Number of protein chains: 2
Amino acid sequence: MGAPTVYDVAKRAQVSIATVSRVYRNPDTVRSQTRDRVLAVARELGYVPSGNARGLASRSTGVLGLCFPDYADPEVEDDGAADDPEQMLYADEITRGMERAARRHGYALLIAASLAGGPESLVAKVAGRVDGFAVLARTVPTEDLEIISRRLPVVMIAGPREIDHLDHLEVANADGEYEMATHLIRDHGLRRLAFLGGTTDSPDAEARFHGFQRACAAAGLAVPDEPDTRGNFTQADGRAATDRLLQRVGQPPEAMVCANDQMALGALQALERQGLRVPQDVAVVGFDGIPLGRMVRPSLTTVTQPMRKLGEAAVDLLVERLGEPNRSPRSMLLPVTQTRRESCGCPSPAPEAGLSRLG
Amino acid sequence: MGAPTVYDVAKRAQVSIATVSRVYRNPDTVRSQTRDRVLAVARELGYVPSGNARGLASRSTGVLGLCFPDYADPEVEDDGAADDPEQMLYADEITRGMERAARRHGYALLIAASLAGGPESLVAKVAGRVDGFAVLARTVPTEDLEIISRRLPVVMIAGPREIDHLDHLEVANADGEYEMATHLIRDHGLRRLAFLGGTTDSPDAEARFHGFQRACAAAGLAVPDEPDTRGNFTQADGRAATDRLLQRVGQPPEAMVCANDQMALGALQALERQGLRVPQDVAVVGFDGIPLGRMVRPSLTTVTQPMRKLGEAAVDLLVERLGEPNRSPRSMLLPVTQTRRESCGCPSPAPEAGLSRLG
DNA sequence: CTGAAAGCGCTAACAT
DNA sequence: ATGTTAGCGCTTTCAG
């Protein structure tokens, strides 16, 4: 009881398999009478063309891929908030942007997030099934990427230009953090700033720290060599890192600049638990612009990335390169915006959404 | 300059293609010495297994699919809010739930939204590349589904049980709307309610209307045969339908019960433009629970669907059936919740998110 | 406009 | 442990 194939349809419709194929690929090259007969038989038999066979024979799939790391905060998954749309994070927004853009270009999107187990399998899984794909930084070992990108268009999102012949997309991490830190120093008059960094293998987090350093230097403050503390980007890490920081001797900082929003949220929690008020005692700022940041109290001041646009740009680059495989590698830097809310000491912003914005 | 294949690797590593294949599928069945040699050659050559060939030969892909209609409100896409996460709609939440669940089960997710052009191609595209897939109601012609589902596990989300041998998922539309309408009537003392319906081909919208009718009946009010006006689910439709309603002779209704949130948002705009205050002059309620509903002013009272759970349940059903192909079709009804905000006349709720909820 | 035939790259028995 | 041999279902010249 295997699924019907071109052969079954061909036989039943009294034509060759080539004709069946044509009916689906170039309907116009088949006499309409023949075509109708084939189509009729096809539905009668429940024939569905095999995408795999098609891809194999034609060397193209009409599918674009996206690989991203398993960013999910475990604690977020487990509690009752699992159904809260506000939890949506970085990768989801990029997915969304890519899906939209892919659709416009007539492509479907294959999404794969790495999970415990070989990352090898992750890329292989995707790479073998798409015409090209995007990778979020730190998802795939550079070496694997190096190999695969020799065979397939790959665009690297939000990482360093690890491989120089890849198309590459990034946001203005350093400049964005520079501007944010400068805001804290100049507009709020803060001087003792602490930086809650990410892991050293994250180029984005490092770039943000560099921006922070530059701001300190520009303001004539001491320039730290290293972040005051680090975490692995989750809320839990942010809490832990903040606790560690507070336990150190000396007074708490006047401001905490966090490498991403999730850790900033964790910092908010840790500070609250220590009885410190934000922003009166300590200002807190994040980076990313996740939706949850605007819902918490105090609402989170942050540097907002154009996440959706990243996804769209990735698809655009992919499609471009598919059309022109030998074009020289292209790199784009997308701008970020400053989102000033309560946690830095700025006044609570006016309602951010209202009917006026809807139409 | 074709991509290297098993043959190239086999020749260079002095083994047969079968061995190369084994190295990737069952590494343990190959002597480690041989394996290392093959792997070395593979990376040297830049070999990446073809997912298509694999799928063809093994009849399984490790990919699950999702088809949904192109719900996007055009006006939402076009304006500057394109990067606003609050715009996220129904299908996106389901996507998210499916992606998460698929990942847990070791599957990747293929997403395809219909676009102008043959829906035929949409299903074919997905169906031929996945081990099973989910379809949002009204995305794919029933006839096509009927055919495809004979060959592949399909779960239908949020539609009627159009095809009785399909696994099927829906939410408590009628009960949810019944409860909402009853709230308006009993708790707010409203009596002249108008229903802004969807298109007649949407079973969800119709079910909601039935729930509305039941509430009217239960309260001893006149029971309408038909929605007072209808729209095609977008904000623009909601505005237009509301304008039409208001232009009709007679006084405006005391409440507008809308078949979905987007139209309710449109209704809010139309009422505002007519100088009517919500909820003082007219109460407005929606259905779905899209994020934007909580950001608008007045915030939207609505019946919230467990969208993410729908996605997860879809994957679970798919995986179950993949494991047990002949299991009898299963149908699940997911509960909805009442979300009372300002637009029905309830007091503005306490801040919905705070640190307390985060850990 | 239609048919014949040669693959596309891999997996899966079945041998050895 | 490894090799041989068939396909998997379709696209694609090349003929006719």
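Keep in mind that what you see is a predicted model, and the values were worked out from it rather than measured. Each chain gets a letter, A, B and so on, in the order the sequences are listed, and its residues count up from 1. As a basis for the values below, the full set of heavy atoms in this structure was taken, side chains included, without hydrogen atoms, waters or symmetry mates.
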Extract all donor-acceptor atom pairs below 3.5 Å that involve side chains of residues 313-322 of chain B and protein atoms in other chains or at least two apart in sequence.
unit_1   : atom_1 : unit_2   : atom_2 : d
B:Asp316 : OD1    : B:His105 : NE2    : 3.2
B:Glu320 : OE1    : B:Arg327 : NH1    : 2.4
B:Glu320 : OE1    : B:Arg330 : NH1    : 2.6
B:Arg321 : NE     : B:Asp167 : OD2    : 2.7
B:Arg321 : NH1    : B:Pro325 : O      : 2.9
B:Arg321 : NH1    : B:Arg327 : O      : 2.9
B:Arg321 : NH2    : B:Asp167 : OD1    : 3.1
B:Arg321 : NH2    : B:Arg327 : O      : 2.9
B:Arg321 : NH2    : B:Ser328 : O      : 3.4

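- Of the possible polar contacts, none joining the A:Ser21 side chain to the A:Ile17 backbone as a donor-acceptor pair under 3.5 Å is found.
- Closest-nucleotide positions on DNA chain D for B:Leu56 and B:Gln14 were compared, and the one nearer the 5' end corresponds to B:Gln14.
- Between the B:Asp131 side chain and the B:Gly62 main chain, a donor and an acceptor come within less than 3.5 Å of each other.
- Counting only residues at least two apart or in different chains, salt bridge (charged side-chain N to carboxylate O under 4.0 Å, His left out) contacts with residues 12-34 of chain A comprise A:Arg12-A:Glu44.
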Distances for protein N or O near nucleotides 10-12 of chain D N or O, under 3.5 Å:
unit_1 : atom_1 : unit_2  : atom_2 : d
D:dC10 : OP1    : A:Tyr47 : OH     : 2.4
D:dC10 : OP1    : A:Ser50 : N      : 3.3
D:dC10 : OP2    : A:Val6  : N      : 2.5
D:dC10 : N4     : A:Tyr7  : OH     : 3.1
D:dT11 : OP1    : A:Arg54 : NE     : 3.0
D:dT11 : OP2    : A:Ser21 : OG     : 2.4

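- For A:Ile148, the side chain to side chain contact (heavy atoms under 4.5 Å, CB included) partners two or more places apart in sequence, or in a different chain, are A:Val123, A:Ala127, A:Phe133, A:Leu152, A:Val154, B:Val48.
- The footprint of chain B on DNA chain C, defined by a heavy-atom cutoff below 4.0 Å, extends from C:dG9 to C:dA13.
- Side-chain N or O atoms of B:Arg43 include none that pairs as donor or acceptor with a backbone N or O of A:Glu143 at under 3.5 Å.
- With sequence neighbours left out, A:Asp201 forms a side chain to side chain contact (heavy atoms under 4.5 Å, CB included) with A:Arg138, A:Thr199.
- Counting heavy atoms from C-beta outward, B:Arg35 and B:Pro27 have side chains that approach closer than 4.5 Å.
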